[in-house]
Amino acid sequence: MSDLRIALAQINTCVGDIAGNASLVLDRCRAAHALGAHVVAFPEMTTTGYPIEDLALRESFQRAAARAVDDIAAALASEGMGELMVILGTLGVSQGGRPFNQAVVITGGGIAARYNKHHLPNYGVFDERRIFAAGEDPCVVTAASSPVGIAICEDIWQDGGTVAQLTGRDLRLLVVLNGSPFEEGKGHTRVELAARRAREVGAPVAYVNLWGGQDDLVFDGHSFIVSPTGDVVASAPGFADAMILWDVPAAGEPAAVSGLAPREDLDEQTYWACVTGLRDYVVKNGFRSVVLGMSGGIDSALTAAIAADAIGGENVVGVSMPSEHSSDHSKDDAADLAKRIGADYRVEPIANLVAAFQDQLALTGVAEENLQARLRGVILMGLSNREGHLVIAPGNKSELATGYATIYDAGSIGGFAPLKDLDKTRVWQLARWRNAYAAARGEVAPIPESSITKPPSAELRPGQVDQDSLPPYEVLDEVLDAYVEHAEGREELLARGFDPAVVDRVLSLVDRAEWKRRQYPPGPKVTALAFGRDRRLPITSRWREV
């Protein structure tokens, strides 16, 4: 065995659960110690969970995090693991009371070193510059008589700074603690970056990342180690607890390949990101079950399949709420879906409720259509209140972008929206992927084929389909991607050859719908730019692209 064996503990922490996170640390330390590890590294902000946002500013929270680190050090020593070196992300505090995003090095029953994150990201989902003070000093500790450098996440994304300070220090290893959220296509970027840093410092880079859902962020794990030449020599799967064990070679010796996890394709990663986000939102908020409207359409079908994979089909309540305009095939597809995933399926017709409201209000047109949709939302919330389920919304990013949803209806009401960051064409892609995944495993496909192939419709009036009000989704989503994700304006869209009428219609819908988006439940962020977390515009803005 090497004189320096490192373990990377890829774990799922919970923001604010300091005692639970500390217990998880000790459990993983025991496992690593039993496997002969000399060093075990944990992700960024492990003791507190990540991101902690303004919890970092509470003195009581700061004290609790500090006590947790001391308790971990004492427990390791009392259990005969005092010689184990533990590199752990936590919340630190300056002498002036300003919080740090910190890594501590625990060994010998105490804290041997502290490192404060240098580069504080202040873009996209990150707001660290407002919360934390920045560190300045590098951190190099000695393990097996060898220098081991430490960095935290953003520190290796910035040229110069931390990595430049560690260059020329004859490191045997650089350990990087991360809380890097999932984003489609980001995995290769991380590996390429770490490889570049490994070549710069002339040492392997051990990249340990958090996994799990926290509010609307999903962390995917995919921890890995790259050699000094930039080759991946060990890796962990995504969206799961994992431990990488690797023997660090002496200077000049080749880096052995050990335990390479198969890399999931993009559809698989995105699907499990949505599952992880929903499951952890349910569990970490103390729920055990979810309820949603099952219309027989593709959005509710994929949402229900995700829910069944997240918490088990027996914990999913699907409610069909047919009106006089509901087609037989929609009702049949909803029942078929529920049977496939093992959900608790119920039928609650809304005709009598609509009639009662109409006797008093006599609504017509869009108001009458929306009444049907909102009554479905009332039914779901009633079941939630009575039985304790979390209502989940099946709306997708295309609908959210254009405001093509009735506010307070079954498609937008509730506590979490698993498809919030998936446009409509992506919904179809993931539905097909999930069915193919089941077929490859010899399982029943969860989503009825007719839910995938039939034209989408809200079924609020006879013969209604989405394309009565919107461009074809393959066109709509391409325009939305350019306008929302890439901030292209009308001039750029017209230069691409899009129909001016389509461009003007779509941009107008997007700009007018901001007030609806503000009231939409959170959902897992899976793209580079998600509504709510990344795209924040004033509701009352009078500026228009058209």
*Asks:* Checking side-chain hydrogen bond (donor to acceptor under 3.5 Å, both in side chains) for the pair Glu44/Asn101: CA distance, chi angles, key distance, verdict?
*Replies:* CA-CA 8 Å; Glu44 184 175 7; Asn101 183 332; 2.7 Å; yes

*Asks:* Can you see whether His389 engages Ser384 through a side-chain donor-acceptor pair at a distance of less than 3.5 angstrom?
*Replies:* no

*Asks:* Output yes when Asp155 and Lys117 qualify as a salt bridge under the 4.0 Å nitrogen-oxygen rule, no when they do not.
*Replies:* no

*Asks:* In terms of side-chain heavy atoms, does Glu184 have a donor or acceptor partner in Thr270 at a distance below 3.5 Å?
*Replies:* yes

*Asks:* Is there a donor in the side chain of Tyr271 and an acceptor in the side chain of Thr276, or the other way round, less than 3.5 Å apart?
*Replies:*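 Thr276 and Tyr271 do not have a side-chain donor-acceptor pair below 3.5 Å.
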
*Asks:* Taking Asn209 for the side chain and Ser180 for the main chain, is one N or O donor matched with an acceptor at less than 3.5 Å?
*Replies:* yes

*Asks:* Would you say the rings of Phe182 and Phe239 are close, in the sense that their centroids are separated by under 6.0 Å?
*Replies:*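 When the ring centroids of Phe239 and Phe182 are compared, they turn out to be within the sub-6.0 Å range.
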
*Asks:* Salt bridge between Lys397 and Asp421, side-chain N to carboxylate O under 4.0 Å?
*Replies:* yes

*Asks:* Give a yes or no on whether a salt bridge exists between Arg426 and Asp423, defined as a side-chain N under 4.0 angstrom from a carboxylate O.
*Replies:* no

*Asks:* For atom CG of Asn122, is the number of surrounding heavy atoms from other residues, nucleotides or ligands below 6.0 Å larger than 12?
*Replies:* yes

*Asks:* Which residues pass the side-chain contact (heavy atoms from CB on, under 4.5 Å) test with Ala7, sequence neighbours left out?
*Replies:*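 With sequence neighbours excluded, Ala7 shows a side-chain contact (heavy atoms from CB on, under 4.5 Å) to Ala32, Ala37, Val40, Met243, Leu245, given in chain and number order.
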
*Asks:* We want to know whether Asp231 and Thr229 form a side-chain donor-acceptor pair, criterion being a heavy-atom distance below 3.5 angstrom.
*Replies:*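 Yes, a side-chain donor-acceptor pair sits under 3.5 Å.
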
*Asks:* Do you know which of Thr46, Ile106, Thr90, Asn21 makes side chain to side chain contact (heavy atoms under 4.5 Å, CB included) with Ile72?
*Replies:* Ile106

*Asks:* Do the charged groups of Arg5 and Asp247 touch, with an N to O distance under 4.0 Å?
*Replies:* yes

*Asks:* Between the side chains of Arg190 and Asp220, is the shortest nitrogen-to-carboxylate-oxygen separation below 4.0 Å, so that they form an ion pair?
*Replies:* yes

*Asks:* Do Asp241 and Asn12 have a side chain donor and acceptor closer than 3.5 Å?
*Replies:*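 No - no donor-acceptor pair under 3.5 Å links their side chains.
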
*Asks:* Between Asp336 and Arg340, is there a side-chain N and carboxylate O pair less than 4.0 Å apart?
*Replies:* yes

*Asks:* Using a 6.0 Å cut-off, check whether atom CZ of Arg98 has over 12 heavy atoms from anything other than its own residue.
*Replies:*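 Yes, the 6.0 Å shell around CZ holds more than 12 heavy atoms from other groups.
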
*Asks:* Under 4.0 Å between a side-chain nitrogen and a carboxylate oxygen: does that hold for Arg172 and Asp3?
*Replies:* yes

*Asks:* For the aromatic rings, using the six-membered ring if either is Trp, is the centroid distance between Tyr281 and Phe416 under 6.0 Å?
*Replies:* yes

*Asks:* So which atom in Leu8 and which in Ala206 form the shortest heavy-atom distance, rounded to 0.1 Å?
*Replies:* CD2-CB, 3.9 Å

